Amino acid sequence: MTDEQWRAVEPLLPPSGANGVHHVSRLMGREVYHPAGDAAAARDAMFASWTTADLHERLEWLYG
């Protein structure tokens, strides 16, 4: 997922609630923690461009 794709999806993610967390955890599992092939290469490229602050900012809603 590229930064552009993330910016398009991020507003659609629910900020709280069990259903939202469940949905996002499945998405993160598929796209972040266990991708394969082209999805893994896209993930690696995206993370390579992020700073630690970028990562924290994007996950702040989840970990508060």
Side-chain angles (χ1 to χ4, degrees):
M1 182 178 287
T2 66
D3 281 347
E4 184 177 292
Q5 290 169 324
W6 175 261
R7 284 190 294 275
V9 171
E10 186 176 24
L12 304 175
L13 300 176
S16 63
N19 288 338
V21 172
H22 177 79
H23 172 75
V24 171
S25 68
R26 287 182 147 298
L27 177 65
M28 289 178 69
R30 186 176 59 246
E31 299 293 330
V32 177
Y33 298 111
H34 304 290
D38 291 341
R43 183 254 345 248
D44 294 346
M46 177 184 67
F47 283 157
S49 70
W50 287 7
T51 65
T52 301
D54 292 334
L55 181 61
H56 289 190
E57 180 182 318
R58 286 174 171 91
L59 295 178
E60 181 179 12
W61 70 271
L62 180 59
Y63 296 107

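The analysis underlying the following values was restricted to heavy atoms, covering all of them including side chains, and did not include hydrogens, waters or symmetry mates. Predicted, not measured: the structure shown is a model, and the values here were computed from it.
Between Thr51 and Asp54, the closest heavy-atom pair is N-OD2, 2.9 Å.
Shown here are the side chain to side chain donor-acceptor pair (under 3.5 Å) partners of Thr52, two or more places apart in sequence or in another chain: there are none. In this structure, Arg30 has no salt bridge (charged side-chain N to carboxylate O under 4.0 Å, His left out) partners at least two apart in sequence or on a different chain. Legend: residues meeting side chain to side chain contact (heavy atoms under 4.5 Å, CB included) with Ser49, ordered by chain and number and at least two apart, are Asp3. Residues meeting the side chain to side chain contact (heavy atoms under 4.5 Å, CB included) test with Glu60, sequence neighbours left out: none. Under the side chain to side chain contact (heavy atoms under 4.5 Å, CB included) criterion, Ala40 pairs with Pro35, Arg43, not counting sequence neighbours.
The structure places CZ of Arg26 at 13.0 Å from CD of Glu31, a figure rounded to the nearest 0.5 Å.
The closest donor-acceptor contact from the side chain of Asp44 to the backbone of Ala41 lies at 3.5 Å or more, if one exists at all.
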